[in-house]
Amino acid sequence: MSTASLRIRRAFDRAARIYDHGWLQRIAYRPGQDAVVAELCAAGSRRVLDVGCGTGILATLVRQRSRDTRVVGCDLSLGMLRRAAERVRGTWLQADALRLPLRDGVLDAVVSTQAFHFIPDRPAALREFHRVLEPGGLLVIAMINPRSPALSRLMNASARRALGAGTWPAREVLREEVDAAGFEVHAQRDARDLARTVVTVATARRTDPHPEG
């Protein structure tokens, strides 16, 4: 595990106790989560991996909409996973997104809500998502996407100073990275978040063959 990943794990272990507060969820997380759940339901996904699952809120929302859907939660933070296990029954993995402990093609959907920006190597993570998805499998990423490269650079520099990790790519950069990893991007739209259009939801399908690298 990289030094950056260790910093992030420790930060979220500390944050686990306040993460579920209603005001924080309404402001920062719920709009993107609702958008992701809508995508999963529309696609009829049944075997879902939630990367950066936090305290299991997304898994709970999915179960409320579809009892037939199984969500496996993956997070670096053991503190977050413990709260997730208290919230809802499920499968919770302490694992790195760059080395998922899952077989090839075992899932029909991979999602990440407000966590992808903390993964230190986005292209490598996208290749892992591609590997564990079946052909045609769904990828949904909800995250803050600055509209301009200049704002992206400013946010990234601030994150490095504060946490030593975290990158928020501009919208076109994220789209290019997803496409390069072997996905066909179907949509990249705004979520109805409090700040209006800060969070975007990128929806893509796995294509074949698997990209080299």
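All of these numbers come straight from a predicted model, not from anything done at the bench. Numbers here simply count residues along the sequence, with the first being 1. These numbers come from the heavy atoms of this one structure, side chains and all, not from hydrogens, waters or symmetry mates.
The minimum heavy-atom distance linking Pro146 with Met155 is given by the pair CG-SD, 3.5 Å. Contact record, Val51 with Ala97: CG1-CB, 3.8 Å, taken as the closest heavy-atom pair. When all heavy atoms are compared, the tightest approach of Leu98 to Ala124 is CD2-CB, 4.0 Å.
The shortest distance between side-chain heavy atoms of Leu93 and Pro101 falls below 4.5 Å. No side-chain heavy atom of Asp104 sits under 4.5 Å from any side-chain heavy atom of Val132. Between Val185 and Thr203, the closest side-chain pair of non-hydrogen atoms is not below 4.5 Å. A 4.5 Å side-chain heavy-atom check between Met143 and Thr113 finds every atom pair outside the cut-off. Here the side chains of Arg65 and Val62 are not in contact, with every heavy-atom distance at 4.5 Å or above.
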* Kindly indicate, with the supporting measurements, whether the criterion side chain to side chain contact (heavy atoms under 4.5 Å, CB included) is fulfilled by Ile141 and Leu139. => CA-CA 7 Å; Ile141 299 173; Leu139 171 66; 4.1 Å; yes
* **Criterion salt bridge (charged side-chain N to carboxylate O under 4.0 Å, His left out) on Glu177 and Arg127, from CA distance to verdict** => CA-CA 10 Å; Glu177 289 177 348; Arg127 290 194 295 271; over 6 Å; no
* **side chain to side chain contact (heavy atoms under 4.5 Å, CB included) between Val48 and Val72, intermediate numbers included** => CA-CA 6 Å; Val48 179; Val72 175; over 6 Å; no
* Stepwise, does the salt bridge (charged side-chain N to carboxylate O under 4.0 Å, His left out) test hold for Arg206 with Glu184? -> CA-CA 6 Å; Arg206 172 185 161 166; Glu184 180 182 357; over 6 Å; no
* Asked: Would Leu138 and Arg205 satisfy side chain to side chain contact (heavy atoms under 4.5 Å, CB included), going step by step from the backbone distance to the final call?
  -> CA-CA 5 Å; Leu138 179 70; Arg205 289 283 184 177; 3.9 Å; yes
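Here the CG atom belonging to Asp75 is positioned 5.0 Å from the CG atom belonging to Leu81, to the nearest 0.5 angstrom. Summarising the geometry, atom CG belonging to Asn145 is positioned 11.5 Å from atom CH2 belonging to Trp168; distances are rounded to the nearest 0.5 Å. With values rounded to the nearest 0.5 angstrom, Cys74 atom SG is found 13.5 Å from Met80 atom CE. Rounding to the nearest 0.5 angstrom, the gap separating the OG atom in Ser152 from the CG atom in Leu174 is 10.5 Å. Here Ile144 contributes atom CD1 and Arg171 contributes atom CZ; the two are 10.5 Å apart, rounded to the nearest 0.5 Å. Atoms CZ and CG, on Arg46 and Asp108 in that order, are 8.5 Å from each other to the nearest 0.5 Å.
Residues Arg122 and Thr167 have side chains that bring a donor and an acceptor to within less than 3.5 angstrom of each other. Between the side chains of Thr55 and Arg82, no donor N or O sits under 3.5 Å from an acceptor N or O.
Ion pair Arg131/Glu128 flagged as a salt bridge, since at least one NZ, NE, NH1 or NH2 atom sits closer than 4.0 Å to an Asp/Glu carboxylate oxygen.
Taken together through direct or relayed side-chain contacts under 4.5 Å among Ile, Leu, Val, Met, Phe, Trp and Tyr, Trp92 and Leu107 form parts of separate hydrophobic clusters. At a threshold of 4.5 Å between side-chain heavy atoms, the hydrophobic network of Ile, Leu, Val, Met, Phe, Trp and Tyr places Leu49 and Phe183 in one connected group.
Of the residues Val111, Thr60, Ile57, the one that meets the side chain to side chain contact (heavy atoms under 4.5 Å, CB included) test with Gln33 is Ile57. Under the side chain to side chain contact (heavy atoms under 4.5 Å, CB included) test applied with Leu61, the options Leu40, Val88, Val71, Asp34 reduce to a single match, Asp34.
Asp50 places no side-chain N or O within donor-acceptor distance of the main-chain N or O of Gly56, the cut-off being under 3.5 Å.
Ring planes of Phe129 and Phe116: tilted class, angle from 30 to 60°.
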